[in-house]
There are 2 protein chains.
Amino acid sequence: MDQTQDKRILILESALELIRENGFHGTPVSIVAKHAGVAAGTVYTYFKSKDELIVALYHYVKAGLLSEISAKDHASDPFQKRFFALWNNLIQVYLNKPAFQKFLEQFISSPYNSPEVQSGPDPWGDWLFQFFKDGVDSQTLKPLSPNILAVMVMGSVISLVRYRVYFKLKKSFAEQELQLIPQMVWDGIKNPQETNL
Amino acid sequence: MDQTQDKRILILESALELIRENGFHGTPVSIVAKHAGVAAGTVYTYFKSKDELIVALYHYVKAGLLSEISAKDHASDPFQKRFFALWNNLIQVYLNKPAFQKFLEQFISSPYNSPEVQSGPDPWGDWLFQFFKDGVDSQTLKPLSPNILAVMVMGSVISLVRYRVYFKLKKSFAEQELQLIPQMVWDGIKNPQETNL
DNA sequence: AACTATTGATTGAACGTTCATTCAGTCAAG
DNA sequence: CTTGACTGAATGAACGTTCAATCAATAGTT
């Protein structure tokens with residue numbers, strides 16, 4: 001709404017950027033504040049503590065992910081098309097906003113990801129569940145729990161992105177070969193009944 | 001060798017355990033020392049700094065992973081058998097030693113994982129590469145870069161373990177359904193020429 | 001219009017704590 | 001006696017958080 005909300009977002013974005021580069025430990029509140037153009041004390045008008053800022057950031061990032069991805073999904077398309085679109089959109093989002101991916105990775109495996117956080121609402125997880133449920137219900141995917149399918153697919157996406165982001169330096173392979181990965185994943189999860197469509 | 005080496009290992013194991021629970025930020029050197037039964041200063045006889053201790057721990061964990069996994073692999077078995085054995089062994093190791101997985105996740109996405117660390121030697125990565133190269137060479141797997149296949153497979157393993165470790169609380173599915181995941185992965189990477197063996 | 005009062009956000013210096021690291025002194029083995 | 005590991009109190013820097021003081025905007029009064 002007003003500038004008050006702007007400032008909150010400004011602080012979140014600054015924290016996101018700085019944590020991506022320097023980790024939780026390496027980003028003091030004072031620097032986040034300076035980067036956002038406010039005084040250190042101001043951060044505490046919007047967040048009760050550094051911990052709470054970081055948890056808020058987690059929800060902020062997940063909400064961003066959901067809005068970016070769901071906006072580009074067309075539920076009326078055939079599921080196979082939706083799947084490849086989802087894959088490409090995920091790769092795009094993660095590569096365009098490396099901070100999203102780096103922050104999420106850091107957060108998920110950190111002590112900030114407490115049981116309370118984990119058991120809170122998770123619109124992004126719910127959306128993913130529904131997505132794969134659509135695939136199962138339409139008999140395009142193997143008749144498995146949508147959770148399992150989501151695990152499979154997200155695991156491959158994250159792992160691929162991680163590989164490109166962290167290990168780019170070392171081993172490299174042709175960009176075009178990367179295009180084959182979603183096809184492999186698809187081969188793994190598609191319903192064999194429907195193979196010769 | 002002597003007690004000197006024992007003490008080094010003791011410090012590494014203590015750090016591993018504590019970092020798993022409390023993260024890098026939450027594990028002061030003094031506590032690591034106490035947990036290992038030595039004085040704070042002693043840590044600095046074995047490691048130049050906390051940073052160096054953490055990097056050493058990274059190599060220690062990867063070496064442990066390599067030795068556990070490679071010992072249980074039989075290069076003379078048919079590749080499909082080797083694949084499912086690898087899968088199960090990875091799951092077992094990660095579930096038996098959650099500290100391995102949690103530490104690796106934290107480390108990889110942290111600023112400790114500097115370019116220097118990334119460009120150093122990586123026996124575990126090399127072993128994985130060779131493993132999948134065997135599959136490609138024997139025409140059991142699709143004719144792709146072993147790196148890509150490794151990414152696919154490790155991504156699914158890590159994602160599955162992460163799911164079980166972090167999200168156990170929330171959504172759960174039948175244990176037996178989990179057994180279907182390696183089959184899906186296998187369906188994705190196997191060479192279709194060989195389908196009807 | 002001019003002026004004052006009130007409210008609530010904002011500032012940043014100061015506080016107290018925590019922590020990595022050091023080092024002078026102790027100890028044990030050869 | 002010598003050597004080198006070991007100890008743990010001491011050091012100093014860094015950081016999260018607080019709060020008295022300032023500022024800006026709006027409302028109220030004449």
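Sequence lines set the chain letters: A, B, ... in the order given, protein chains first and strands last, and positions in each chain run from 1.
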Asker: Within this structure, what is the CD-to-C1' distance between E52(A) and dG16(D), rounded to whole angstrom?
Answerer: 14 Å
Asker: Can you tell me how far the CG atom of D137(A) sits from the CG atom of L141(A), to the nearest 0.5 Å?
Answerer: 10.0 Å
Asker: Report the distance from atom CG of N22(B) to atom C1' of dC19(C), rounded to the nearest whole Å.
Answerer: 15 Å
Asker: Please give, in whole Å, the distance from dC19(C) P to I31(B) CD1?
Answerer: 7 Å
Asker: What is the distance, rounded to the nearest whole Å, between atom CD1 of I19(A) and atom P of dC15(D)?
Answerer: 14 Å
Asker: Give a yes or no on whether a salt bridge exists between K102(B) and E21(B), defined as a side-chain N under 4.0 angstrom from a carboxylate O.
Answerer: no
Asker: Could you tell me the separation between the NZ atom of K48(A) and the C1' atom of dT18(D), rounded to a whole number of Å?
Answerer: 15 Å
Asker: Consider the side chain of A39(B), meaning its heavy atoms from C-beta on, and name the nucleotide among dT7(D), dT21(C), dT11(C) that approaches it most closely.
Answerer: dT7(D)
Asker: I need the minimum non-hydrogen distance between N113(B) and Q118(B), along with the two atoms involved.
Answerer: O-NE2, 2.9 Å
Asker: Please lay out, stage by stage, how Y112(A) and F24(A) fare under the test ring pair (Phe, Tyr, Trp, His ring centres under 6.0 Å).
Answerer: CA-CA 10 Å; Y112(A) 291 111; F24(A) 297 117; 4.8 Å; yes
Asker: When you measure from the side-chain N and O atoms of T42(B) to the phosphate of dT7(D), is any distance below 4.0 Å, counting only OP1 and OP2?
Answerer: yes
Asker: Of the options dT10(C), dC6(D), dA20(C), whose atoms approach the side-chain atoms of Y46(B) most closely?
Answerer: dC6(D)
Asker: To the nearest angstrom, how far is K34(B) atom NZ from dA20(C) atom P?
Answerer: 13 Å
Asker: Could you tell me whether K190(B) and D187(A) have a side-chain N and a carboxylate O separated by less than 4.0 Å?
Answerer: no
Asker: Could you tell me the separation between the CZ atom of F47(B) and the P atom of dT22(C), rounded to a whole number of Å?
Answerer: 16 Å
Asker: Over how many whole Å does the gap from K50(A) atom NZ to dT17(D) atom C1' extend?
Answerer: 12 Å
Asker: Which of the following nucleotides, dG8(D), dC15(D), dT21(C), is nearest to the side chain of P28(A)?
Answerer: dC15(D)
Asker: Considering only dT17(D), dC19(C), dT7(D), which nucleotide approaches the side chain of Y44(A) most closely?
Answerer: dT17(D)
Asker: Report yes if a side-chain nitrogen or oxygen of K7(B) is closer than 4.0 Å to either non-bridging phosphate oxygen (OP1 or OP2) of dC6(D); otherwise report no.
Answerer: yes
